[in-house]
Amino acid sequence: MATIYREGNLDLLTGKVAVIGYGSQGHAHALNLHDSGVEVEVGLREGSPSRAAAEEAGLRTASVADAVRGAQIVSLLLPDQVQPRVYAEQVAPHLEPGAALLFAHGFNVHYGRIAPPEGHDVIMVAPKGPGHIVRRLFEEGYGTPAIVAVAQDASGGAFDLALAYGAGIGAARAGMIETTFAEETETDLFGEQAVLCGGVTELIRAGFETLVEAGYQPEIAYYECLHELKLIVDLIWEGGLSGMRYSVSDTAEYGDLTRGPRVIDAHVRETMRALLDDIRSGAFAREWIAEMEAGEPNLDRLRREASQQLLEQVGPELRALMRREGAEAPTA
Ligand code: NAD
Ligand code: MG
């Protein structure tokens, strides 16, 4: 079993942390570190719409280059697509000797798109949750767990520095587990492809379309295959698979245990292994990098096609009926 770290030494954060980007993760890291008493400066591109929000929240802002200058830790919290260019043009030239570089996801370092020079710690603190939850739970006195890793230990204290940063963003409250850039990147890509995003969306769509093609009403199919999924996932999240099975009827449980393995059969597992092979060999990364460099034309097309599916046409109306007054919009 993994060692779970519940502490980090905030005293190691003696200098400025430059948080580059004020998006989902950026705003959460910056505000949580600031509330933990750490000196934070948010680095933003010129004309950034986030500047006002960061300043209203009481944070200091600067250009990316100015934030990097004098920083002990540079936290690169930009979309993964833009990181290599911003790193090369605005971060690397201004890095202080011995400054640490911190990532929230390992993709760019693991696949060699960013290769920091020797003499800099390269660390990762990847919260296992969306940035808005990282901020909300911190404000409520809890934390979001994180996985932490070291790709380059120039100081000899890179891991402790990562734990300190994790403590600063509240992750120590929920637990931090050591990983490697390879493990984080490969499992993250696999999870989103096979289970969390790709697997789930296609499972929903296949179920929905099977019912509709058999003549059932799309709205009924929507409730059954999409809406109720959240309720089931909440139970799984709270109590594991057995916790969910305890709550559903025996009929549902019998159907689950006897039919589930027929849906996710040996062929699906074989496909999952093939996806993992593509991730580990770098084939997926090469494909996605080429797509990014071409301006993401296929992603645009696939997005458009996906939004025209019947499932997406019946959803908005049904969801509007279910929305509670004053309820927060779901965060991504
Ligand atoms: P994001 O898409 O929310 O936005 C990051 C910020 O970068 C935005 O404020 C955007 O305006 C700014 N930005 C975009 N292009 C820029 C440029 N050229 N120069 C300067 N600023 C620019 O990003 P995110 O989802 O928070 O992701 C940041 C990192 O965190 C990524 O490495 C991601 O993999 C990782 N991560 C994200 C989540 C998540 O919850 N979204 C979870 C775990 C890890
Ligand atoms: Mg993930």
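Both counts, for ligands and for their atoms, begin at 1 and track the order of listing.
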Taking [atom] as the point of reference, which of [options] owns the nearest heavy atom?
atom                    : options                     : result
atom 31 (C) of ligand 1 : Leu77, Asp80, Leu76         : Asp80
atom 13 (N) of ligand 1 : His29, Arg45, Gln90, His132 : Arg45
atom 37 (C) of ligand 1 : Gln81, Met124, Gln25        : Gln25
atom 2 (O) of ligand 1  : Gly26, Ala126, Pro79        : Pro79

Quick one: look at Val82 and ligand 1, take heavy-atom pairs under 4.0 Å, and tell me if it's side chain, backbone, both or neither. side chain

With side-chain hydrogen bond (donor to acceptor under 3.5 Å, both in side chains) as the criterion, how do Tyr165 and Ser75 come out once you've worked through the C-alpha distance, each side chain's angles and the decisive distance to 0.1 Å? CA-CA 10 Å; Tyr165 184 98; Ser75 198; 2.8 Å; yes

Residues, nucleotides or ligands: over 12 heavy atoms within 6.0 Å of Arg173 CZ: yes

Whether over 12 other heavy atoms sit under 6.0 Å from Glu46 CD: no

Can Thr179 and Glu184 be counted as having a side-chain donor-acceptor contact under 3.5 angstrom? no

Residues Glu41 and Arg60 bridged, charged N to O under 4.0 Å: yes

Electrostatic pair Arg304:Asp300 at N-O distance under 4.0 angstrom: no

Need the ligand 1 atom indices (1-based, order shown) with element for anything under 4.0 Å from a heavy-atom of [X].
X      : result
Gly23  : 3 (O), 4 (O), 5 (C), 6 (C), 8 (C), 9 (O)
Gln83  : 31 (C), 32 (O)
Ser24  : 3 (O), 25 (O), 26 (O), 39 (C), 40 (O), 41 (N)
Gly131 : 40 (O)

Would His105 count as being in polar contact with ligand 1, using the rule that some N or O on each side must be under 3.5 angstrom apart? no

Polar atom proximity, Gly21 to ligand 1 (N or O, under 3.5 Å): no

In the hydrophobic clustering (ILVMFWY, side-chain contacts below 4.5 Å, transitive), which residues join Leu302, or is it alone? none

Tyr87 and Phe103: aromatic ring centres closer than 6.0 Å? no

